[in-house]
Each structure stands twice: as structure tokens, then as C-alpha cells.
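Throughout, residue positions are numbered sequentially from 1 according to the sequence presented.
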Amino acid sequence: MSFALSLFRDMAAAGFLYVLPGWALLRAFGPAAGLDWKMKAGLAPALSLPVYPLLYLAAKLAQVPVTGPLLLLPGALGAAGLVWMNRGFLADGTKSRGKILSALRTRPASDSVYFIVLLAVVFISRMIAVRGLAAPSWGDSVHHTMIVRLLIENQGLFSSWAPYAPMTTFTYHFGFHSAVAAWSFAAGVPAIQAVLAAGQVLNALAVLVLYPVGVRLGRSAWAGIGTVAVAGLFSVMPGFSVNWGRYTQLSSLVVIPVLIWFLDVFWRDPRRPKAGTVGLLSLLLAGVFMAHYRVAVISLSAVAAWTLRALWERRKSLGEWWFRLLRLIFAGLGAVVLISPWIPVIMGGWTPRRVGVTMRVDVGPRLSDIGLWKMIGYYIGRPFWIAGAASLGVALVRNRKTAADLVLWIGLAFAATNPYLLRLPGTGIISNFVLIAMLYVPIAWLAGSAVGEAAARLNRKTAGRLAVAAVFAAALVFGFDRQSRMVDPFFTMVERNDVAAFRWIRRNTPRKARFMTNATMAFNDTMAVGSDAGWWLPYFTRRWIPFLPLQFSAEQLPEGQDPRASTYLAREILATEGDPAKLARIFLREKLDYVFLGEKRGLAAHEAVELLPESWFRYNPYFIEEARFGAAMIWRFDAKAASANIAE
């Protein structure tokens, strides 16, 4: 399929799956009065995404298989609902045709034109970035893609990870994965292509959803456009998340900005929030939790920040504050009801026990990764960070209320991430990386508001409009080039030659064959993780490797299986230094049949040391080269020869 056709398909799938359901919900239940189409487009994705994990939970309760038609139902219902809610307009054919023709003849507002062009550049640049990738990048993508495939193959939620990994529970947040499973059916692509495409669509949507708060902060459409431009063209994040495979965090960042918009409307709108608004708040809170457990805590920091600010603003009318607080509590209880079927499942994994460890104050400093703040320039980009700080200073003077809300939110989130600084338990529940990587959200709002205000003023005169157009065009060119080249080859694990090798393995090795692959020590040398395409071997071939997906640390393993076994094995192999006899003894003991060397040769990781150098096998009498595809190689271990010549 040509890129143009795939782009059209992806745009259609994005609109059908991730926009229509939320747009219909907003139209039916939300404070949609007075919102133009740009605002609705910015709010709809966050209301759409939570539908899919909740659909899986409902299907689990009803014991109904989750098939393609069921996953397409939210989009179909969204389209039908919008048609029904606009039935009066559509029924009057003469009137509706007249309005449409009049709209086509009328020159569109300049901010709408800029908005459409900007979104097109943001979307297309992200889809171009992943052209040619054989698989999503880096280690998190391994288990994300496995989960999507397992959801599809099991037609619903599962417990066993067979045949890809020997894990017996599934307690992970699956908001992203359920939405991608829907994408797989809608676009007609396998799980691995669905993760790549849907992941980049969410990358673009994480920018689009900043628009509504940008408008509220800057009090103009231009402020919203400035926000989208700053985050979508200039910021390192969220674009760079494609390299880390941090798709679950990315999907939660599609929801949080809209949650904040709803909170701002909830507390500041003179009209009391209706039941529909409360219901949508429940949906958003549940959606953040199902997308990412840790980011859910940061979302609660936002709830606390806006609630405390409202208490100060309404200190002379506490009755109204208490009334709205009660409704907010109802929204929270509604969210708990929505996710309640999943809570017992979470309790069956290791996550609750790991949280229990963090609840001791004395382990706080040991679990803290506060030192990551030294790298804020890397994660955010120094010019972007400086611009955000300057814009904050301006906003605190010119738009003190909303700017103060953002400062209070990030301050509470920082305290929740590093509670040991306040002598409180819970350090380690949230990584500082999670907070740093999402700082582009408030920075884009602040910087974008300043940019938008300047554009709005200049746009009043002809010379100013020309200046705005010129700067906008230059920004589009710069941003398109920057975002379309965002994929860093260092983080790619699977190359085309690896895929060819996997194809050979499927055709030429026994189903029960056990492979040894490259790995490296990570997490302060406490865990061995895959360091090239070998980590993907179970997904592509359904063959066994010793190195489990990263998610294994939160799941249960079969009784008697030591979760540290692969780490011990990697250390033991490294200690042989390639000695043929020592290496053969390990392979005999572990009943290993083959060695797979990926194209990257174990170097797709920071400070990686190649665990299995080719030289170890080239002159080893117990290993036979079976196939080579570029630098990707398969070696067979001759167990009979080793058994005959090596004394145990």
C-alpha cells in the first residue's frame, strides 16, 4: 500500500475510533454549548479512548468475546448518535443545503485555516517518522505489542501470556492496548503495525488535546493554535516518546489535558455543573487510570490543585464550593464503579506488594530517582524549558489565576512523586521520569498562550497578517523536518534482516526450540533485558527465550520459576568469556538449542556489553552456523557432540 493510501486509511481510522465516540458523548452530555468545532475536536479524543478498556471490562463481566464488530461499535454508535442529534438540520434538506453552500462560499476564519494546516503537518510528520520501521522501538514496545496481540487472539482479557511468555496473570493497565486492538480491526493490520500507526496517531492527538486549555488560558483561538504549534512542532515531547515505546504514558497524556479543561469549567463556570458533566468527569478519571496507573496519581494532583484553588476563590461563598465538591466526589465514585471489575485482578499481581514496599518512609531516598531532574534539558529541550519559564513569569502577571493553577498542580505532582522530602511514604510509586516527560503540557500552554496573544494582535493589520503567515510557514517547515526525523536509529531493535531471520526460524526450527539471545544488565544491574531483536523473537516466531518482557516484574510466573533465573544466566554466560567448554556446559544444563544474534548485536541499549559476540561461536566446535541475513545470524548448538566430549 502506498504511503498516501495508508495515510488516508489512518486518518479515517483515527476519526472513526478516537474522535467520533467522544464527540457524540460531548454533544450529548457535556458543556458543549458555545464550543466551536475546533474545541470539540480537541476534547473528543480524551472522551473516546476510555471507552475501549471499559468495553473490554464489560465484555469480561458479560462473558462476551471481544470481536471486531464489538470494537467498531463505539465509532458506529458515535456516528449514529451525531446523526440523530442533528436530525432536525439533516431533515430540512433545503435549509441544510443552503447553510452548507453558504459556508462553502464564505471565506473561513483565518484561525480555522491555520488550525487545519497545523494539524495536518503534525499528523503527517508523525506518520512519516515511522515509515520503514519493522517494529516499534525499544523495550517497552515488546510487551505492549504482545498485549495487543493477546487481546486480539484471546478475544478479550486474558491471564496466560502463552505462547509468548510464561506469565500467568495480566494486571497491567490496558487502555492503550484496547484502543490499538480496535485499530487493528478497523485498519485491517496486524498488532505490530497497529502499535506503530496508532501510537503515532495518539502522539498527534496528545498535541491536539492541548488546544482547549490553551484557548481558556489565552482567551482566544490563537492561544490554542500557539499551544498546538509549540508542542507539536518545537517540543521534544511528546514526539520523542516514539523512541522509548512509552505508549501507555502517551495515551494517558491524551486524557489529562481534557480532564484539566473539565476541572477548570467545573470549578470556574458560573453555572452549576450538570449531571452529564459529572458523568464525563467519571469517564475521564477512569480513563486515566486504565491508561497508566502512575499518571493517574498525577491526575489526582490536578484534581487537588483545582479544588484547592476553587476553595480560595470561593472562600466567601463556601456553600457553592461544598455543593461542587460533593458533585466532584460523585464523579470520583463513578470512576471507581467503572473500574471496579479490574481492581480484584490488579490485586492478583505483584503491583500491590511493590506499592507496599514503597509505603515505608525509610526506603524513600533509596527508591527515589530525583536525580533525573538534572537531565531536564535532554527530556524537554533547553530552549523549550527556558521559553516555558519566561512565559510562566508573564502569565503570573497577566493571567494569574490559571497560571497559579498550573504551578500548584506541578508542585503537588512533584510532592506526590518525591514524598520522602516531606517525610511521607510512597516514594517510588511514581517515577520522576513520568513527571518530567509530561512537563511539555504546562510549558506548551504557557508559551503557546504568549505566542497566540502576539499572533492575535499582529493579525489585526495587513502587515501583521503577512508577518504571522511568514512566521507560521517557517515554523511548519522547521517543525515538519524536526518531527518527521524524530525516530532515533539507536532505539530501533528490529531491522529488516532480523525479520528475514525470524521467517527462517519459523520455517526451519522445531516449535519447542529454545533460543539464547543477546541481553544486557539494566535497572542498576538487577535485571537482564533484551538488547537487540532477540527480545522480539517469541513474538515473531513463538519460540522460547530466557528473557521475559519487562512487565514480568508485576505479574505472576508459574510455580517454581525463579524470576531472577534469566539474570543469573546472563551473568554466568558473560563470565565464561567464550570458553567453549564452559559455554557448552551451560547450554546443556539449560537445554538450549540455538543462538540468535540480532542485526544490532546487543547494542540497542545504553552502555550495553555484547553478551554473545560472534567470535565466541565462529571457532567453537559445538556451534554450527545455520543461517545469516546481513548481521543477523542463527547458530545451532550441537548437544550430542558437546555431551560426548565434555565431562559434567
Side-chain angles (χ1 to χ4, degrees), residues 10 13-14 17-18 45-46 48-53 56 122-123 126-127 129-130 133-152 164 170 172-184 186-187 189-209 231 236-257 287-296 298-299 379 431 433-434 436-438 440-441 483 486-488 491-494 529-530 535-536 539 549-551 554 604:
D10 292 341
L17 295 173
Y18 304 154
S48 299
L49 288 185
V51 171
Y52 295 100
Y56 268 89
V122 168
F123 181 84
R126 279 155 173 76
M127 304 315 291
V130 294
L133 288 185
S137 297
W138 239 25
D140 281 23
S141 296
V142 177
H143 60 261
H144 291 325
T145 311
M146 276 188 188
I147 292 170
V148 173
R149 192 169 185 176
L150 284 163
L151 287 175
I152 295 171
Y164 308 108
F170 174 61
Y172 197 48
H173 36 242
F174 61 94
F176 167 76
H177 313 91
S178 56
V180 176
W183 182 281
S184 178
V189 295
I192 198 164
Q193 278 78 31
V195 170
L196 274 171
Q200 286 300 83
V201 166
L202 294 178
N203 201 315
L205 293 180
V207 174
L208 169 62
V209 295
V236 174
M237 295 296 294
F240 199 80
S241 60
V242 66
N243 291 305
W244 293 323
R246 306 279 297 194
Y247 293 115
T248 51
Q249 183 177 342
L250 182 65
S251 64
S252 71
L253 293 175
V254 176
V255 182
I256 278 190
V288 174
F289 179 81
M290 296 306 298
H292 201 288
Y293 301 149
R294 288 175 166 175
V295 177
I298 294 177
S299 72
Y379 293 120
S431 168
F433 169 82
V434 172
I436 294 171
M438 65 172 292
Y440 77 90
V441 173
Q483 298 296 333
M486 190 62 76
V487 172
D488 186 339
F491 296 98
T492 59
M493 302 185 86
V494 182
V529 299
W535 214 3
W536 283 86
Y539 176 87
L550 278 177
Q551 184 53 26

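Residues Val494 and Trp535 form no side-chain contact, since every pair of their non-hydrogen atoms from C-beta on lies 4.5 Å or further apart. At least one side-chain heavy atom of Tyr52 sits under 4.5 Å from a side-chain heavy atom of Leu17. Inter-residue side-chain proximity for Val441 and Ile256 is flagged as unmet; no heavy-atom pair is nearer than 4.5 Å. Taking 4.5 Å as the limit, every side-chain heavy atom of Tyr247 sits out of range of all side-chain heavy atoms of Asn203. Looking only at side-chain heavy atoms (C-beta outward), Val201 and Met127 come within less than 4.5 Å of each other. Asp10 is listed as a side-chain neighbour of Trp183, based on a closest heavy-atom distance under 4.5 Å. Residues Met290 and Pro50 form no side-chain contact, since every pair of their non-hydrogen atoms from C-beta on lies 4.5 Å or further apart. Between Gln483 and Val122 there is no side-chain heavy-atom pair separated by less than 4.5 Å.
In this structure, His143 NE2 and Thr248 OG1 are separated by 6.5 Å, a value rounded to the nearest 0.5 Å. From Ile192, atom CD1 reaches atom CE of Met146 across 10.5 Å, with rounding to the nearest 0.5 Å. Between the CG atom of Leu253 and the OG atom of Ser241 there is a distance of 8.5 Å, given to the nearest 0.5 Å. Distance check: Met493 CE to Ser141 OG gives 9.0 Å after rounding to the nearest 0.5 Å. Here CD of Gln249 is found 9.5 Å from CZ of Arg294. Values are rounded to the nearest 0.5 Å.
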Intermediate values then yes/no, side-chain contact (heavy atoms from CB on, under 4.5 Å), Phe433 and Trp244: CA-CA 12 Å; Phe433 169 82; Trp244 293 323; 3.6 Å; yes
Check step by step if side-chain contact (heavy atoms from CB on, under 4.5 Å) holds for His144 and Tyr172. CA-CA 10 Å; His144 291 325; Tyr172 197 48; 3.4 Å; yes
In sequence, state the C-alpha distance, the side-chain angles, and the governing distance for Leu150 and Ile147, and then conclude on side-chain contact (heavy atoms from CB on, under 4.5 Å). CA-CA 5 Å; Leu150 284 163; Ile147 292 170; 5.5 Å; no
Step by step, work out the side-chain contact (heavy atoms from CB on, under 4.5 Å) result for Trp536 and Thr145. CA-CA 10 Å; Trp536 283 86; Thr145 311; 3.3 Å; yes
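The minimum heavy-atom distance linking Gln200 with Ala129 is given by the pair NE2-CB, 4.0 Å. Of all heavy-atom pairs spanning Val242 and Ser137, the tightest one is O-CB, 3.6 Å. Minimum heavy-atom separation, Ile152 to Ala191: CD1-CB, 4.5 Å. Ala231 and Pro238 make their closest contact through O-CD, 4.0 Å (heavy atoms, listed as atom of the first residue, atom of the second, distance). Here the closest heavy-atom approach between residue Ser299 and residue Val288 is recorded as OG-CG1, 3.7 Å. A pairwise comparison of heavy atoms in Leu202 and Val254 identifies O-CG2, 3.7 Å as the closest pair.
Between Tyr293 and His173, the ring planes are perpendicular. Angles over 60° get that label, and only those under 30° would be called parallel. The aromatic rings of Phe170 and Phe174 lie tilted to each other, with the angle between the two planes from 30° to 60°.
Between the side chain of Ser184 and the main chain of Val189, a donor-acceptor pair closer than 3.5 Å is present. Within the 3.5 Å criterion, the main-chain N or O of Ala198 finds no donor-acceptor partner in the side chain of Tyr18. The backbone N or O of Leu151 sits nowhere less than 3.5 Å from a side-chain atom of His177 that would complete a donor-acceptor pair. Within the 3.5 Å criterion, the main-chain N or O of Met486 finds a donor-acceptor partner in the side chain of Asn243.
For the pair Arg149 and Tyr539, the cation sits on the ring face: its NZ or CZ lies under 6.0 Å from the ring centre, inside 45° of the axis.
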